Number of protein chains: 2
Amino acid sequence: MSFPRTKIISMSNGQNKSNPPHVQNRGRKATQAILDASLELAEQSGLDSVTVEGIADYAGVAKTTIYRRWPNVSSILMDAVLSQVNAAAPIEEQSTLRETFAVSMKLLTKLYAGRNGKILRALIGRAQVEESLREAIETRWVEPRRKLARELLRRGMRRGEIRPDLDTDVVLDLLYGAIYHRLLVPYKNGKLNERFVEVLLDAVFGGITVRPGTS
Amino acid sequence: MSFPRTKIISMSNGQNKSNPPHVQNRGRKATQAILDASLELAEQSGLDSVTVEGIADYAGVAKTTIYRRWPNVSSILMDAVLSQVNAAAPIEEQSTLRETFAVSMKLLTKLYAGRNGKILRALIGRAQVEESLREAIETRWVEPRRKLARELLRRGMRRGEIRPDLDTDVVLDLLYGAIYHRLLVPYKNGKLNERFVEVLLDAVFGGITVRPGTS
DNA sequence: CTCATAACGATACGATGCGTAGCGATGTCG
DNA sequence: CGACATCGCTACGCATCGTATCGTTATGAG
């Protein structure tokens with residue numbers, strides 16, 4: 001039984017388990033060097049100027065070795081970033097729904113302010129013209145988080161914290177959409193910080209219309 | 001009085017008035033052919049595969065002629081799209097605040113579903129790694145619309161339609177952020193249509209928390 | 001109508017990166 | 001201690017970039 005000449009580790013799904021068992025220490029070291037190099041170079045000079053040849057030089061690896069694993073730069077960085085980022089902004093249930101999202105959204109703003117966030121933002125940008133990257137972001141980044149967040153919203157509905165007739169995806173678009181809007185669509189004074197998250201939650205959970213209880 | 005050898009028409013601001021008067025019919029035809037070609041090619045095969053040489057061929061124009069006007073492909077498409085798009089999704093006051101944004105947001109979803117919308121989306125994507133493009137989008141697309149929308153929100157506050165203590169930018173991030181979120185950050189079943197706009201407005205203007213008046 | 005000149009078209013150039021192919025060298029596993 | 005998968009290395013054709021050069025053409029002032 002032989003394995004296909006060209007094997008793409010991931011990008012298609014998150015499972016590397018079916019790798020050829022022959023890939024051992026030597027291969028792993030090269031793989032890790034490539035991932036590290038891609039992050040380093042992307043941070044230094046921006047995703048657009050990261051090239052396969054640049055990564056190869058920096059990682060001390062042959063260009064062909066890279067092409068044996070990934071089809072392009074985007075997929076390398078996707079793997080490199082996701083391995084670190086998925087744990088950086090978890091969604092964990094707190095005492096109230098509002099507190100749950102307050103914590104999550106503040107972690108998210110911190111993530112995007114950091115090293116990997118800059119790269120992740122660039123990847124979302126490139127995903128607008130690269131269909132396979134768009135799919136990868138959906139499958140490996142957005143959907144897993146959405147799935148969890150939807151469930152938390154439903155529990156909040158059952159506890160009577162929010163209206164039970166709402167479309168959970170619409171609520172998530174409200175909360176996280178505002179953050180991504182500031183991140184991706186530029187305008188003056190569109191700061192992305194913890195204060196913004198608080199003001200935002202006030203508006204969403206307090207409602208934007210005038211109501212009796214509001215002094 | 002002579003003009004600089006290399007003159008970039010726009011991208012920096014929206015004013016072409018200070019063009020050399022010597023640029024007349026011949027030059028204008030070439031300019032228009034370049035703009036048309038860039039749109040055509042971008043729609044055909046995606047922004048990423050649009051090249052200066054490709055535009056030159058398609059427009060029947062020398063490559064040098066293009067470089068005399070624009071520094072790169074992004075700025076060509078920015079000019080080409082904005083000349084058509086700014087009028088396609090205006091923000092005009094309706095009888096109520098909710099109706100004002102309902103109309104505006106539905107026009108926006110239609111815009112992004114169309115030919116120029118696809119390109120505009122790709123430009124926003126590339127703006128994540130191209131600083132000058134980011135500035136151009138902010139100055140020539142987002143800020144003018146924000147300025148108008150903020151004013152409309154303030155008038156709605158004075159009329160008592162929404163809470164007067166809100167940050168207008170946060171409200172706009174809620175409304176339009178949700179749309180751009182669906183547009184740019186992919187997830188399953190994230191359709192961008194008129195129905196979404198209605199459901200979204202229900203959630204924002206109706207509030208997401210449980211309130212007495214809601215059956 | 002004539003002519004100076006600004007702008008254009010065409011061509012050539014070095015540089016860079018892509019993705020592939022061929023091949024000898026090396027580590028790894030049975 | 002072989003057999004073989006994988007690696008590093010070099011070389012290749014191709015596309016595009018952005019610039020320079022130069023002959024050609026349209027245009028408007030006199």
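Here is the naming used below: chain letters follow the sequence lines, and residue numbers restart at 1 for every chain. Heavy-atom basis, side chains included; hydrogens, waters and symmetry copies ignored. Fair warning: this is a prediction, and the values are worked out from it, not measured in the lab.
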A.B. asks: Tell me whether the OP1 or OP2 atom of dG9(C) has a side-chain N or O from T65(B) closer than 4.0 Å.
C.D. replies: yes
A.B. asks: Under a 4.0 Å threshold between the charged nitrogen and the carboxylate oxygen, would E138(B) count as salt-bridged to R146(B)?
C.D. replies: no
A.B. asks: Kindly indicate whether the side chain of M78(B), heavy atoms from C-beta on, has any atom under 4.5 Å from the side chain of I137(B).
C.D. replies: yes
A.B. asks: Look at E135(A) together with R140(A) and state whether they make a salt bridge at an N to O cut-off of under 4.0 Å.
C.D. replies: no
A.B. asks: I need the CD1-C1' distance between I76(B) and dT16(D), as an integer number of Å.
C.D. replies: 14 Å
A.B. asks: Taking side-chain contact (heavy atoms from CB on, under 4.5 Å) as the test, write out the residues that go with N193(B), two or more places apart.
C.D. replies: K191(B), R195(B), F196(B)
A.B. asks: So, D169(B) and R182(A), do they make that salt bridge, N to O below 4.0 Å?
C.D. replies: no
A.B. asks: Check the distance between dC17(D)'s P and W70(B)'s CH2 and give it to me in whole angstrom.
C.D. replies: 15 Å
A.B. asks: Calculate the interatomic distance between I66(A) atom CD1 and dT6(D) atom C1'; express it in whole Å.
C.D. replies: 15 Å
A.B. asks: For R28(B) and dA6(C), what is the distance between atoms CZ and C1' respectively, to the nearest whole Å?
C.D. replies: 15 Å
A.B. asks: Can R126(B) and D48(B) be counted as an ion pair, charged N to O under 4.0 angstrom?
C.D. replies: yes
A.B. asks: Reading nucleotides 11-27 of chain C 5' to 3', which nucleotides get B (base under 4.0 Å from a protein heavy atom), which S (sugar-phosphate only), which -?
C.D. replies: ------SBBBB----BS
A.B. asks: Are any of R69(B)'s side-chain N or O atoms less than 4.0 Å away from OP1 or OP2 of dC8(C)?
C.D. replies: yes
